[in-house]
**Q** 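The structure that follows is given in the form of C-alpha cells.
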Protein chains: 4
Amino acid sequence: MSAAPRTARGTRTRAKLLAAAETVFASVGYHDASIVKITEAAEVGLGTFYLYFQGKQAIFDEVVEDLNRRVRHAMTEAAKSAGNRLEAERAGFKAFFRFTAQHPALYRIVRQAEFVSPGALRMHYTRIVNGYIEGLKAAQATGEVRPMDPDVAAWALMGIGELIGMRWVLWEDDTGAQPVPREVPDHVFEEMMQFIERALAPGQPHGTEGQPHG
Amino acid sequence: MSAAPRTARGTRTRAKLLAAAETVFASVGYHDASIVKITEAAEVGLGTFYLYFQGKQAIFDEVVEDLNRRVRHAMTEAAKSAGNRLEAERAGFKAFFRFTAQHPALYRIVRQAEFVSPGALRMHYTRIVNGYIEGLKAAQATGEVRPMDPDVAAWALMGIGELIGMRWVLWEDDTGAQPVPREVPDHVFEEMMQFIERALAPGQPHGTEGQPHG
Amino acid sequence: MSAAPRTARGTRTRAKLLAAAETVFASVGYHDASIVKITEAAEVGLGTFYLYFQGKQAIFDEVVEDLNRRVRHAMTEAAKSAGNRLEAERAGFKAFFRFTAQHPALYRIVRQAEFVSPGALRMHYTRIVNGYIEGLKAAQATGEVRPMDPDVAAWALMGIGELIGMRWVLWEDDTGAQPVPREVPDHVFEEMMQFIERALAPGQPHGTEGQPHG
Amino acid sequence: MSAAPRTARGTRTRAKLLAAAETVFASVGYHDASIVKITEAAEVGLGTFYLYFQGKQAIFDEVVEDLNRRVRHAMTEAAKSAGNRLEAERAGFKAFFRFTAQHPALYRIVRQAEFVSPGALRMHYTRIVNGYIEGLKAAQATGEVRPMDPDVAAWALMGIGELIGMRWVLWEDDTGAQPVPREVPDHVFEEMMQFIERALAPGQPHGTEGQPHG
DNA sequence: AATGAATGAGCCTTCATTCAT
DNA sequence: GATGAATGAAGGCTCATTCAT
C-alpha cells in the first residue's frame, strides 16, 4: 500500500521519486520505464517506491497531473503580465512552447496515456482547453474576438499548439535521429500567431474567393 | 527470418495477419498486443507469424504504413470530386474524420508510435502534412490563399484535424466511459471550417492590431 | 534483538502483540501474516515488534506454546472435577472440543507448523499425548483399562480427537463454505466415546477372531 | 493460460512437472516451493511451467488429487487380496502406512492445504473416509461390526491412521532431527489393530468398571 | 520505549522468439 | 507452408528486518 509521507525525510523521498519518474517516462516511455529504473534514477531503494506509490500507473497519473498543473501555471503566469489580449495570447503560447522544450516529458507522456490512463489523458487536454475557453469567452465579451463557438476554437488552438510544438520543438530538423528539444523558430511562431489572429479576428472574412460572398 | 509469400495461400495468410494486427493494436495497444493474440485473431499458428514478419515492430510499422496510405487515399479521393478549393478542403476533412470514425486504430496506433517506432510516427504525419502543403501552395498560386509559410499552416491544419477528431470523433461526450466512434457534429464541423477559412483567406485582418477597423 | 519487557507498559505491549499474532495467524495463516499486519492489529509501531520478538518464527513458536498450554490447562481442569476415569475422559474431550471451537487458531496454526517450526509441532502433540499416557497408565494400574501399550493408545486417542474435531467443529456440514466453529453434536460425541471405551475396556473382545461368542 | 498437452512430448513434460512438484512440495512445503525450484527439478524451462499449469495453486491441487487417487488405489488393491474383513482392514492400513513412507509428500502437503487450498484438503479426507464408511457399512450388514454410526467411526479410523502414521512413519524416534521415513514398527501396528478391533467388535463391552453396568 | 522510513532478495508471471516436426 | 512446445530475460511487487530519530 502507498501512503502520504509522515516525515520531512519521507516528503523529500517522495519528491525525488516523482522527479525521477518524469525523467524516465520522458526518455524511454511508459512501458520501458521500470520501477527499478525509476528508483535508480531517484537513488532510492526499490522497495521504497511502494511506500509512496501504489504502482507504476499511480505514479504515472501523478506525473501527468503534476506536469499539467505546471504547464497551466506557466501559461497563466505568462499571460498575466501581458498588456492586452493579443499579447496575452502570444505570451501563453510562448510559455507553452518553452515548457515543452524544458519538459519534453509532457508531450511524450501524454501521447502514451491513451492506453495507459485514458482518464489522465482527458484530464490533461480538458484542463488546458478550459483555459482557452475562458480566455475566448472573455475576449468575445469585449468584442476582441468574433462570435463563434469557443469550444471548437479552443480545441483548434490546442491542436495547433500541439502539432507545431511537436514538429518544431521536439523533432530535430531533417534527420530522424534523436530529437533535441529547442525553441520554436521566430518566424514559425509569427506565422502561427498570424494564422490564429486571422481565425479569431472580428469582422467579415476577406473573400475566400477574392470577394465577399454575400 | 521473414519472407514475402510465394503462394496464393501464403499471400492470404499474410493479409490475415496484417488485418488481425490492426484490430489487436487498436483495441489493446502495442504493448498488450502479444503475437499470440494476433495469431489467434488471424486463426493462424504462432510460428506462422515469423514466416511473414520479422517481429512485432515490423508488423506494427506495416500497419501504420497501411493505415496512412488508406487515410491519404480517402482524403485525396474525396477532394478530387470537389469543384473548388474550399469544397476540396471540406471534403478532405470530412473524409479524414470519417476514416477516423471507421478506423479508430489510426489514432490509437499513431499515438503509441512515439516510443515504439518514431520513424513510423514521423512518416505518418509528414506524409499527410505534405499533402496539405501541396494544396496550400497551389491555392496560393491562384491567390485563393493569402501569402504565408505553407509549412506552418499545414502543421496547424493537421493539429486542428487531430484534436477536433480526437475530441468529437473518439471521445464520448461527457462521461469517461468507453468511447463510441461517430461523426463530428455538423455545427462543430462548420465552426471549424470557418476558423480555417478565416485563417487562410487573403486580405487584411480586421482590428487585430488595435486599429479601428471602421 | 529482542528482550523481556522491563516496565509495565512494555509487558502490556508484548501481550498485545502476542494476542494480535494469534488472531492474525489464525485468520490468514503463517505466510500471509506479515509483521505489519500483526503490529497493526496490536496497534503498535512496526519497529516495536522487534523490541520483544526476534522475528516472525519466534512469535509463532510462542503462540503455539501459549495455545498448547491453554488447551492442556482446559483439559486437565475439566478432568479434575470428574468423579471417575470415564467421566474424566469425557470431560477432557469435551474441553478439547470446546477449546477448538473457541480457538480455531489452535488447529490452523498447528497444521502450518509442519514446515514453519517442526519443533513446535512436535512439542504440541507430544505434550498432549503425554497427558493421555499418564492417564492411561494410571487407569491400567487400577485395571480400568486393559493391558496395552499406552503410547500407541495415546496417539490413537489424539488422532481421534483431532479428526473428529476437524470434521465436526471446524467444518461446516456439507458445503465447502466458510467454516463456522461450533460444538460437536451430542450423538457424534457419544458415538466417539463408545468407540473409545470399547477400545480401552478390559476383557475379551467379542468374535473378532472368528470364534462364535456364544 | 494453461492447456492440456497436444503432443506426446507435451504429455511427458507435464508429467515431469507434476512429479517434480510432488517432490519439491514434500521437501520444502508449499510456500518455499517456488516455480523455479519445480522447473529445475523437472529439468524444464521456467516458462514451460505456465504452458501446463495456471500457477502454483493449480499444480498443488493436482498433486493432492493425484496423491489422493494413488493412496486410495493402493489401499483398495491391498484390501482386495485379503480373505476376510479383518485381513482387509490390516492390509488397508499397511498399504496406507507404506504409501506414507514412500510418499511423505502426502502428509506434508495435506497439512499445508488448510490455507492453501481448503477444497483440496476436504476432498482428500472425505474421499478416504468415504472408503472407510463403505467398508464399515458392509461389515455391519454381515454382523462383523457392531451397530454404530459408520460416519463417526470412519473419521476416528482416519484420525488413528493419521497420527500413528505421523508419529511412527514420519518422525524419527527421539531426536528432533530430520525425519527419516520408514515403516510402522510391528508391535505398534499390532497394538493399533487391537485398539481398532475392540472398538468395532460386536457384543457387550466388557465392564469398563470391571462389571457390566446393567 | 516506541516509531516508521528504507532496503533488496526473491517471488510469480508474461511474452517475443526459436526450432524441431 | 504451417505448427506449437520450449525458453529465459525481465518486470511488478511483497515483506522481514534494520536503523536513525
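So you know, we letter chains A, B, ... as the sequences are listed, proteins then strands, and number each from 1. Worth knowing before you read on, the calculation uses all heavy atoms, side chains too, and leaves out hydrogens, waters and symmetry mates.
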**Q** Counting any heavy atom closer than 4.0 Å, what does C:Gly55 reach on the DNA or RNA strands: base, sugar-phosphate only, or nothing?
**A** sugar-phosphate
**Q** List the atom of B:Tyr52, the atom of B:Gly10, and the distance in Å for their closest heavy-atom pair.
**A**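 Reported closest heavy-atom pair: OH-CA, 3.2 Å.
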**Q** Tell me: OH of A:Tyr52 to C1' of F:dG12, nearest whole Å?
**A**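 So the two atoms are 20 Å apart, to the nearest Å.
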**Q** At under 4.0 Å, does any side-chain N or O of A:Arg9 touch on OP1 or OP2 of E:dA6?
**A** yes
**Q** What contact category does A:Val44 fall into here, base, sugar-phosphate, or nothing, at under 4.0 angstrom with non-hydrogen atoms?
**A** sugar-phosphate
**Q** Taking atom P of F:dC13 as reference, at what distance in whole Å does atom CG of C:Asp32 sit?
**A** 18 Å
**Q** Base, sugar-phosphate, or nothing for D:Thr48, non-hydrogen atoms under 4.0 angstrom?
**A**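 Here D:Thr48 touches the bases of the nucleic acid.
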**Q** For E:dA20, give its Watson-Crick or G-U wobble partner with both distances under 3.5 Å, or none.
**A**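 Paired with E:dA20, as far as the under-3.5 Å criterion goes, is F:dT3.
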**Q** Whole-Å distance between F:dC19 P and C:Leu46 CG?
**A** 14 Å
**Q** Classify the nucleic acid contact of D:Ala33 as base, sugar-phosphate or nothing, counting any heavy atom under 4.0 Å across all strands shown.
**A**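 Sugar-phosphate, no base atom in range.
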**Q** Mapping A:Arg14 and C:Pro5 onto DNA chain E by nearest heavy atom, which one lands closer to the 5' end?
**A** C:Pro5
**Q** Any idea which heavy atoms bring C:Ile38 and C:Leu17 closest together, and the distance?
**A**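 Scanning both residues, the minimum pair turns out to be CG2-O, 4.0 Å.
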**Q** In whole angstrom, what separates C:Lys16's NZ from E:dA2's C1'?
**A** 11 Å
**Q** For the pair made of CD1 in A:Ile38 and P in F:dG12, what is the distance, rounded to whole Å?
**A** 8 Å
**Q** For F:dA6, does either OP1 or OP2 sit under 4.0 Å from a side-chain N or O belonging to D:Thr13?
**A** yes
**Q** Report the distance from atom CZ of C:Phe49 to atom C1' of F:dA16, rounded to the nearest whole Å.
**A** 9 Å
**Q** Locate the shortest heavy-atom distance separating C:Lys37 from C:Asp32; write the atom from each residue and the value.
**A** NZ-O, 2.8 Å
**Q** Could you please name the partner base of F:dG8, counting Watson-Crick and G-U wobble pairs only when both distances are under 3.5 Å?
**A**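 Checking every strand shown, F:dG8 finds its partner in E:dC15, with both distances under 3.5 Å.
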**Q** Determine the minimum heavy-atom distance between B:Phe60 and B:Phe25, stating which atoms define it.
**A** CA-CE1, 3.8 Å
**Q** Ignoring hydrogens, what is the shortest heavy-atom contact between C:Gln112 and C:Gly29? Give both atom names and the distance.
**A** OE1-C, 3.7 Å
**Q** What is the distance from NZ of B:Lys56 to P of E:dA16, rounded to the nearest Å?
**A** 4 Å
**Q** Nearest to the side chain of D:Leu51, which nucleotide is it out of F:dG4, F:dT7, E:dA6?
**A** F:dT7
**Q** Considering non-hydrogen atoms only, spot the tightest contact between A:Ala21 and A:Val63 and give its length.
**A**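 So the minimum-distance heavy-atom pair works out to CB-CG2, 3.9 Å.
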**Q** In whole Å, what is the span from the OH atom of D:Tyr30 to the P atom of E:dC12?
**A** 8 Å
**Q** Taking for each residue the nucleotide of DNA chain F with the nearest heavy atom, is it C:Gly47 or A:Val36 whose nucleotide lies nearer the 5' end?
**A**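 Comparing both residues, the 5'-ward one is A:Val36.
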**Q** Could you check B:Gln57 against C:Gly10 and say which one's nearest nucleotide on DNA chain E is further toward the 5' end?
**A**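 Between the two, 5'-proximity favours C:Gly10.
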**Q** Answer with base, sugar-phosphate or nothing: what part of the nucleic acid does A:Ile35 contact at a heavy-atom distance below 4.0 Å?
**A**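 Sugar-phosphate only.
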**Q** Assign each of A:Ser34 and B:Thr7 to its nearest nucleotide of DNA chain F by heavy atoms, then name whichever residue's nucleotide is nearer the 5' end.
**A** B:Thr7
**Q** Can you tell me if A:Tyr50 touches the phosphate of E:dT7, counting only side-chain N or O atoms and a distance under 4.0 Å to OP1 or OP2?
**A**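 A:Tyr50 to E:dT7 OP1/OP2: no side-chain N or O under 4.0 Å.
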